[in-house]
Amino acid sequence: MVQQAAGARRVPLNRDRVLHAAVALADRAGIESLSMRALAQELGVVPMALYKHVANKEELLDGMVDVVVSEIDPPEAGTAWKSAIRQRILSARRALLRHPWASRVIESRPHPTLVVFDYLNSVVGMFRAGGFSIDLTHHVMHALGSRVWGFTQEVFPGPPPPADPQQQAAVFEELARRYPYIAEIALGEAHDNGSVVGQGCDDQFEFEFALDLLLDGFERLHQQAWRSTQP
């Protein structure tokens, strides 16, 4: 047993192993728990051993983003542009749901890595292969924004309601009194208590609804030969 344990500790350390261990640590304990010291303990090495493979924590975070982005599946061969982009973006969403910390880290990176550029280039390329002009594709990518990564900033952030039914009723009564139109939406339906969009919202449905709305609009503009500068 001692020899087996020693053999496990002697597994060569490389960049790929470091990055995947960092992703696993962030998945399990949260991105806030990630430090070079904590990662070294996870791998059973001294912290200085990590610096042979990542120069610092910023490079580590870049590499972790690359690991997540590499999990995004390409669309099926021969798929039309609209379905191909939908498949690609929903695969990105599945990847980020597996790694809940990843959206914050992606937003925090000051410069895209080559892997990130490859992904963005593939999405742009699908629009261009579908016949979109450079002009329309430019504006399409701005409209997609963070949705290209499978997440979006929501319009109704807020804490969950109190667990106590009486307190909850009082909160909703005050909401309805002060903000009647917001209350109509908030109290309209309830089917996903774990939603980040808002109490009673289905995150996946809302994401796909907005994505399909955008793709339908892009398709209509493409068919109209839309240009940002009209003659």
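Reckoned from all heavy atoms, side chains included, excluding hydrogens, waters and symmetry mates.
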Please evaluate residues Ile31 and Met64 with respect to the criterion side-chain contact (heavy atoms from CB on, under 4.5 Å), reporting the C-alpha separation (whole Å), side-chain torsions for both, the decisive distance (0.1 Å), and the verdict. CA-CA 11 Å; Ile31 195 67; Met64 292 168 67; 4.0 Å; yes

When you compare the side chains of Thr113 and Asp62, does any donor N or O come within less than 3.5 Å of an acceptor on the partner?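 No, because no side-chain N or O of Thr113 sits under 3.5 Å from a partner of the opposite role on Asp62.
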
Please give me the minimum heavy-atom distance between [X] and [Y], naming the atom from each residue.
| X | Y | result |
| --- | --- | --- |
| Ser146 | Thr152 | OG-CA, 3.3 Å |
| Thr229 | Asp135 | N-OD2, 4.4 Å |
| Ala183 | Ala176 | CB-CA, 3.6 Å |
| Arg147 | Phe207 | O-CZ, 3.7 Å |
| Arg88 | Pro75 | CD-CD, 3.8 Å |
| Met141 | Phe127 | SD-CE1, 4.2 Å |

If I take atom [atom1] from residue [X] and atom [atom2] from residue [Y], how far apart are they, to the nearest 0.5 angstrom?
| X | Y | atom1 | atom2 | answer |
| --- | --- | --- | --- | --- |
| Leu19 | Leu61 | CG | CG | 10.0 Å |
| Trp101 | Leu96 | CH2 | CG | 8.5 Å |
| Asp118 | Asp66 | CG | CG | 9.0 Å |
| Arg28 | Ser33 | CZ | OG | 7.5 Å |
| Leu39 | Arg37 | CG | CZ | 12.0 Å |

Could you please spell out the steps behind the side-chain contact (heavy atoms from CB on, under 4.5 Å) verdict for Asp203 and Arg93? CA-CA 11 Å; Asp203 286 356; Arg93 180 168 175 78; 3.6 Å; yes

Do His99 and Val67 have side-chain heavy atoms sitting under 4.5 Å apart?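 A side-chain contact is absent here, since even the closest heavy-atom pair is not under 4.5 Å.
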
Taking the side chain as everything from C-beta on, heavy atoms only, tell me whether Trp149 gets closer than 4.5 Å to Val116.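 Trp149 vs Val116: side chains touch.
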
Set of residues satisfying salt bridge (charged side-chain N to carboxylate O under 4.0 Å, His left out) with respect to Glu32, sequence neighbours excluded: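 Scan of Glu32 (salt bridge (charged side-chain N to carboxylate O under 4.0 Å, His left out), adjacent residues dropped) gives Arg104.
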
With a 3.5 Å cut-off and sequence neighbours excluded, list the donor-acceptor pairs that the side chains of residues 45-54 form with protein atoms.
residue, atom, partner, partner atom, Å
His53, NE2, Leu13, O, 3.3

Between Arg94 and Glu71, is the closest basic N to carboxylate O distance under 4.0 Å?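 Here Glu71 does not pair with Arg94 in a salt bridge, since their nearest N and O are not under 4.0 Å apart.
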
Under the side-chain contact (heavy atoms from CB on, under 4.5 Å) criterion, do His111 and Glu58 qualify, and how do the steps go? CA-CA 11 Å; His111 304 291; Glu58 293 304 305; over 6 Å; no

If you look only at distance, which donor and acceptor atoms sit under 3.5 Å apart when one is on a side chain in residues 213-226 and the other is two or more places apart or in another chain?
residue, atom, partner, partner atom, Å
Asp216, OD1, Lys82, NZ, 2.5
Glu219, OE1, Lys82, NZ, 2.8
His222, NE2, Gly130, O, 3.2

May I ask you to check whether over 12 heavy atoms, not counting those of Glu173, lie within 6.0 Å of atom CD?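 Incorrect, the count does not exceed 12.
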
Just do the side-chain contact (heavy atoms from CB on, under 4.5 Å) check on Gln87 and Asp73 with the steps written out, would you? CA-CA 8 Å; Gln87 289 177 19; Asp73 296 322; over 6 Å; no

How are the rings of Phe205 and Phe209 set relative to one another: parallel (under 30°), tilted (30 to 60°) or perpendicular (over 60°)?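 Ring orientation, 0 to 90° scale: parallel.
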
